[in-house]
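For reference, the structure is listed below as structure tokens.
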Amino acid sequence: MQMKLELVMVPVTDVDRAKAFYVEKIGFHADHDHRVNEHLRFVQLTPPGSACSIAFGEGITTMQPGSLQGNLLVVEDVRAVRAELVKRGVDISEIDVQVWGHFAHFSDPDGNRWSFQQLV
């Protein structure tokens, strides 16, 4: 049996603010931004090189903003990624060096928590 994770919902309070953060600060690609009706808006973004996207909007999830935790973005060089994001104004942690990988953590404007991991 084969399964592919292709979309993760991210609960946010302000769709435009979240889109700007993920696209301009983190570097995700804006795939879709479609208002279906006055109660439903769907925004889909994809991290560079990823087969899995994130989505948020209006009327698409009942999760509380900031409740998404533990999302992991695997990168080749976490120090280079961290340096670039610091230049873009992202509040990102120092590098956390562990035996199984090197990590840097950040949160979006709603408090959804993410980590970059460099495999070792």
Side-chain angles (χ1 to χ4, degrees):
M1 181 182 329
Q2 186 178 31
M3 297 180 196
K4 295 179 182 178
L5 180 63
E6 293 191 0
L7 192 64
V8 174
M9 296 297 181
V10 178
V12 302
T13 55
D14 184 320
V15 177
D16 293 320
R17 178 182 70 173
K19 182 179 177 184
F21 175 80
Y22 283 105
V23 172
E24 296 167 17
K25 300 280 188 176
I26 306 302
F28 284 21
H29 179 264
D31 302 321
H32 303 287
D33 186 343
H34 185 71
R35 178 164 291 284
V36 178
N37 59 48
E38 66 180 286
H39 303 291
L40 185 60
R41 178 179 174 191
F42 180 81
V43 176
Q44 181 175 320
L45 311 175
T46 304
S50 180
C52 185
S53 301
I54 65 169
F56 49 82
E58 299 168 12
I60 63 170
T61 184
T62 58
M63 289 188 292
Q64 292 299 310
S67 64
L68 195 63
Q69 306 292 312
N71 293 297
L72 195 65
L73 297 162
V74 177
V75 296
E76 288 185 25
D77 185 345
V78 73
R79 292 186 195 294
V81 168
R82 183 185 181 283
E84 176 61 29
L85 294 184
V86 166
K87 280 196 264 185
R88 294 181 188 181
V90 175
D91 183 14
I92 187 167
S93 73
E94 295 295 327
I95 305 295
D96 176 14
V97 177
Q98 300 294 326
V99 175
W100 57 90
H102 301 173
F103 301 84
H105 312 283
F106 72 95
S107 295
D108 73 9
D110 286 293
N112 296 299
R113 188 120 172 97
W114 294 80
S115 297
F116 287 102
Q117 178 188 22
Q118 176 183 330
L119 300 170
V120 292

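- Separating the CZ atom in F28 from the NZ atom in K19 is a distance of 14.0 Å, to the nearest 0.5 Å.
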Exercise for review: Just do the side-chain contact (heavy atoms from CB on, under 4.5 Å) check on I54 and W114 with the steps written out, would you?
Suggested key: CA-CA 12 Å; I54 65 169; W114 294 80; 3.7 Å; yes

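- Within a 6.0 Å sphere centred on CD of Q64, heavy atoms belonging to other residues, nucleotides or ligands number 12 at most.
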**Study point:** Test side-chain contact (heavy atoms from CB on, under 4.5 Å) applied to Q117 and V75, step by step
**Key:** CA-CA 6 Å; Q117 178 188 22; V75 296; over 6 Å; no

**Study point:** L73 and N71: CA distance, side-chain angles, deciding distance, side-chain contact (heavy atoms from CB on, under 4.5 Å) verdict
**Key:** CA-CA 7 Å; L73 297 162; N71 293 297; over 6 Å; no

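- Side chain of R88 to backbone of K25: a donor-acceptor contact under 3.5 angstrom is found.
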Check your understanding: Under the side-chain contact (heavy atoms from CB on, under 4.5 Å) criterion, do V10 and Y22 qualify, and how do the steps go?
Key -> CA-CA 11 Å; V10 178; Y22 283 105; 3.9 Å; yes

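- Under the 4.5 Å side-chain contact rule for hydrophobic residues, F116 and L72 do not share a cluster.
- L45 CG to S50 OG: the interatomic distance, rounded to the nearest 0.5 Å, is 11.5 Å.
- Distance alone, capped at 3.5 Å, places no donor-acceptor pair between the E38 side chain and the R35 backbone.
- Other residues sharing a hydrophobic cluster with M63 under the 4.5 Å side-chain heavy-atom criterion for ILVMFWY residues are L7, M9, V36, L40, F42, I60.
- Residues satisfying the ring-ring contact (aromatic ring centres under 6.0 Å, His included) criterion with F21, sequence neighbours excluded, are absent altogether.
- Taking every heavy atom of both residues into account, V8 and C52 meet most closely at CG2-SG, 3.9 Å.
- Here the options are Q98, E94, R82, Q118, the test is side-chain contact (heavy atoms from CB on, under 4.5 Å), and the partner is F103; only Q98 passes.
- Cluster annotation: V81 and V74 are assigned to distinct hydrophobic clusters (Ile/Leu/Val/Met/Phe/Trp/Tyr, side-chain heavy-atom contacts under 4.5 Å, transitive).
- Under the 4.5 Å side-chain heavy-atom criterion for Ile, Leu, Val, Met, Phe, Trp and Tyr, L85 and V97 are members of the same hydrophobic cluster.
- Rounding to the nearest 0.5 Å gives a distance of 6.0 Å between CD of E58 and CZ of R41.
- Between R113 atom CZ and S67 atom OG the span is 14.5 Å, to the nearest 0.5 Å.
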Check your understanding: How far apart are the C-alpha atoms of H105 and S115, what are their side-chain angles, what is the distance that settles it, and do they pass the side chain to side chain donor-acceptor pair (under 3.5 Å) test?
Key -> CA-CA 4 Å; H105 312 283; S115 297; 2.6 Å; yes

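- Applying the side-chain contact (heavy atoms from CB on, under 4.5 Å) test between D110 and each of D14, V12, L68 identifies V12 as the sole match.
- By the neighbour-count criterion of 12 heavy atoms within 6.0 Å, atom CG of D91 is sparsely surrounded, having that number or fewer from other residues, nucleotides or ligands.
- Side-chain atoms of N112 come within 3.5 Å of backbone N or O of P11 as a donor-acceptor pair.
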